Amino acid sequence: MEIISDSGEGAQRCGQSFGAIAARAGNGVWTVEIIPAEIQPPARSVAGASGNRIRLGSQRITNGGDEADLVVAFNEQVLLGRVHMKELKPGCIILLEDMWREHRDPRIRQAYGETYDALEAAGYRLIEIPMERECRKLVADPRRGKNMFALGMLCAIYQFDLGLAREQVATTFRKKSAALIESNTNLLVAGYTWARSNLDLAFHIPAVAAGGRQVVTNGNTALALGVVASGMEICAMYPITPATSASHYLSEIFPKVGGIVHQAEDEIAAATFAIGASFVGKCAVTITSGPGYSLKQEALGLAVMGEIPLVVVNVQRGGPSTGQPTKVEQGDLLTTIFGSHGDAPKVVIAPSTIEDCFYSVIAARRIAETFNVVVVVLSDASLATAQQPFARPEFDPAWLAPPIDQSQVPEAMQPYAWDATTGLSRRFIPGQPGGMYTLTGLAHDASAHVAYEPAANEEGIRARSLKLAALQRSLKPPTIYGDDSGELLVVGWGSTKGAIEEAVDRARAEGRQVSALHLRFLNPLPPGLREIMERFDAVMTVEGNWSDRSDDSLIDESNRRYGALAMLLRSRYLLDVDTWSEVGGQPLKPGRVHAAMLRKLDQR
């Protein structure tokens with residue numbers, strides 16, 4: 001289901017609260033924020049829909065699904081936008097605010113009536129709701145309360161416990177005054193009571209056996225919690241959509257455990273601040289999105305050259321340039337791996353679930369300090385705002401970095417005494433007795449002296465490259481979703497996992513021999529990939545970035561651009577890896593992925 005409104009009317013908060021209530025009731029939940037492209041779009045505009053999609057189930061939900069069965073809309077224009085985007089199922093139930101039918105502006109009355117009639121003729125089931133009128137009985141400005149009335153209606157329709165909903169409202173507004181909490185609770189109860197008395201809608205979705213304590217959060221919050229759990233103590237950032245909320249949440253909780261969030265004057269300063277903090281002893285993190293990551297590139301080269309551990313979180317968005325700040329895309333993979341000038345190897349990890357956002361940051365910190373490398377965690381706007389329940393993490397002391405080493409450095413040990421097999425060297429920490437050396441971004445030898453000799457420069461490049469090979473040897477082959485061989489293997493990365501695996505389930509239910517493989521490590525790639533892919537008749541990637549359409553008149557095999565992961569796999573393994581991708585700014589839908597799989601199978 002969806003709840004949509006003009007920006008500023010609280011539909012996003014309503015959807016987030018409803019998702020949390022459903023999760024606490026034991027349902028599987030996945031939410032997708034509906035965010036307009038403009039910060040403050042015009043009211044009652046087709047492109048201005050703001051809100052949330054909430055998918056509920058009796059099992060674990062891993063994606064936002066295909067089309068909505070029920071929509072609560074605060075005006076007909078934002079509703080029309082969702083219809084144009086084909087986000088509503090044929091026959092969808094629409095609960096529509098009716099205040100516009102009697103509006104004083106005749107143009108608004110006409111637009112409402114025409115849209116209502118057109119949607120009814122198209123087969124949608126429209127039910128007019130007097131939300132404005134009912135809310136005015138309790139508050140002077142319904143724009144500041146209609147969302148809670150709608151939340152009450154939804155709780156009644158889906159038969160959620162009103163007491164549970166009251167608790168969620170108190171949690172949502174816990175930082176506000178008692179009077180505001182009481183007002184919103186009254187609106188919640190009013191919506192619940194009105195729906196029970198006036199609507200003949202009732203859905204019951206059996207609960208899931210959770211099997212332990214659960215936490216319900218979005219990907220950005222999970223990233224922030226991962227920073228805390230990893231033992232990192234410094235986060236340097238500059239605000240950028242859609243990454244900013246991670247640092248906002250971190251700012252709330254970090255001081256309680258001795259952490260600091262530093263808001264730098266720009267992205268470059270944020271990166272260099274984090275590098276400086278890491279240099280003096282404990283790995284730091286910098287959080288950004290695509291344009292900010294581009295600005296950090298030169299600084300990341302310094303961290304690679306100096307072999308300073310650093311974690312970078314890139315919450316991808318649509319691009320290039322300013323692109324689509326509020327939309328979903330997986331367009332930064334190649335620039336993350338190859339974007340820096342010179343040879344600057346970096347480890348790249350892509351979480352695929354909300355839970356994975358938490359654990360990926362912990363893994364990133366451990367890898368960064370074990371190998372003295374830059375580790376990039378590639379999230380995206382879909383994971384950033386989606387909510388999903390998962391098992392509450394139980395803290396493990398092994399997540400934390402050991403105390404800063406201030407022991408005596410052995411006499412004559414060099415700061416870059418690279419191991420000839422692994423490329424690793426002991427990390428020198430400022431203040432260690434006998435550990436003084438000059439850090440430089442220039443090419444250097446094992447003693448940190450500028451590498452004027454060609455052999456010294458080559459030795460440093462070799463050592464930094466060997467670290468990725470050493471890490472790759474420690475990784476396990478990825479797990480196949482489905483059979484170990486068959487007609488088609490679908491390979492993905494990042495937030496597309498849920499949609500891909502649901503699409504695979506549909507294809508397998510139809511008797512097709514389809515399996516999936518989802519990659520968490522993208523640089524280095526895990527071992528065993530060639531052997532896995534060779535067991536299938538065909539291999540294709542499914543991605544949220546651009547790939548040329550093979551049926552375009554100008555496109556043939558000599559000039560076709562493939563999806564980013566497909567390019568990596570084709571170049572690494574010299575196998576015929578096809579690709580299917582979308583860049584519509586929305587999370588991939590399992591129905592469209594399923595259709596792409598069937599087309600690929602039919603081409604064989």
Side-chain angles (χ1 to χ4, degrees), residues 232 234 236 262 264-286 293-312 336-347 365 367-376 401 404-471 523:
M232 290 188 282
I234 294 287
H262 171 69
E265 60 267 33
D266 55 43
E267 295 281 7
I268 298 170
T272 52
F273 187 98
I275 291 168
S278 287
F279 171 63
V280 299
K282 297 199 74 172
C283 182
V285 61
T286 182
Y293 185 84
S294 297
L295 291 169
K296 295 179 190 291
Q297 291 278 17
E298 185 176 4
L300 300 187
L302 171 62
V304 172
M305 181 63 84
E307 300 185 36
I308 301 170
L310 180 70
V311 174
V312 183
T336 300
I337 298 175
F338 304 116
S340 181
H341 57 279
D343 189 76
K346 297 174 286 293
V347 176
R365 199 281 308 157
I367 292 168
E369 294 207 75
T370 299
F371 294 89
N372 292 336
V373 293
V374 175
V375 182
V376 182
I404 295 176
D405 185 5
Q406 288 293 286
S407 62
Q408 175 78 37
V409 174
E411 188 175 351
M413 175 171 279
Q414 296 174 310
Y416 296 103
W418 296 299
D419 183 276
T421 302
T422 64
L424 301 181
S425 61
R426 173 172 171 167
R427 181 183 176 196
F428 283 25
I429 304 296
Q432 284 184 297
M436 184 179 294
Y437 75 104
T438 300
L439 175 71
T440 174
L442 291 166
H444 51 260
D445 61 17
S447 299
H449 298 147
V450 177
Y452 292 111
E453 295 296 325
N457 179 55
E458 191 159 308
E459 181 187 11
I461 292 174
R462 173 180 177 272
R464 291 188 290 273
S465 184
L466 281 177
K467 294 179 183 184
L468 292 189
L471 172 60
N523 199 44

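Not measured: the values here are computed from a predicted model.
Every side chain to side chain contact (heavy atoms under 4.5 Å, CB included) that M413 has, sequence neighbours left out, goes to V409, P410, R426, F428. Scored by the side chain to side chain donor-acceptor pair (under 3.5 Å) test, E369 finds R365, R427 as partners (sequence neighbours excluded). In this structure, the side chain to side chain contact (heavy atoms under 4.5 Å, CB included) partners of S447, at least two apart in sequence or on a different chain, are Q414, D445, H449. Listed by chain and residue number, T422 satisfy the side chain to side chain donor-acceptor pair (under 3.5 Å) test with D419 (two or more places apart in sequence, or in another chain). With sequence neighbours left out, F273 forms a ring pair (Phe, Tyr, Trp, His ring centres under 6.0 Å) with H262. Checked against side chain to side chain contact (heavy atoms under 4.5 Å, CB included), L295 has the following partners two or more places apart in sequence or in another chain: E267, I268. Residues meeting the side chain to side chain contact (heavy atoms under 4.5 Å, CB included) test with I404, sequence neighbours left out: K282, Q406, I429.
Within the 4.5 Å cutoff, no side-chain heavy atoms of S340 are placed close to those of L300. Under the 4.5 Å side-chain criterion, counting only non-hydrogen atoms from C-beta, T421 is not in contact with L466. Proximity of V373 to P345: side-chain heavy atoms (C-beta onward) are nowhere separated by under 4.5 Å.
Taking each heavy atom of F371 and L424 in turn, the nearest pair found is CD2-CD2, 3.4 Å. Smallest separation of non-hydrogen atoms from P433 and Q408: CB-OE1, 3.1 Å.
For residues 447-460, the set of pairs meeting the salt bridge (charged side-chain N to carboxylate O under 4.0 Å, His left out) definition, not counting sequence neighbours, is empty. For residues 429-439, the set of pairs meeting the side-chain hydrogen bond (donor to acceptor under 3.5 Å, both in side chains) definition, not counting sequence neighbours, comprises D405-Q432. Residues in residues 299-312 take part in these salt bridge (charged side-chain N to carboxylate O under 4.0 Å, His left out) pairs, two or more places apart or across chains: E307-K467.
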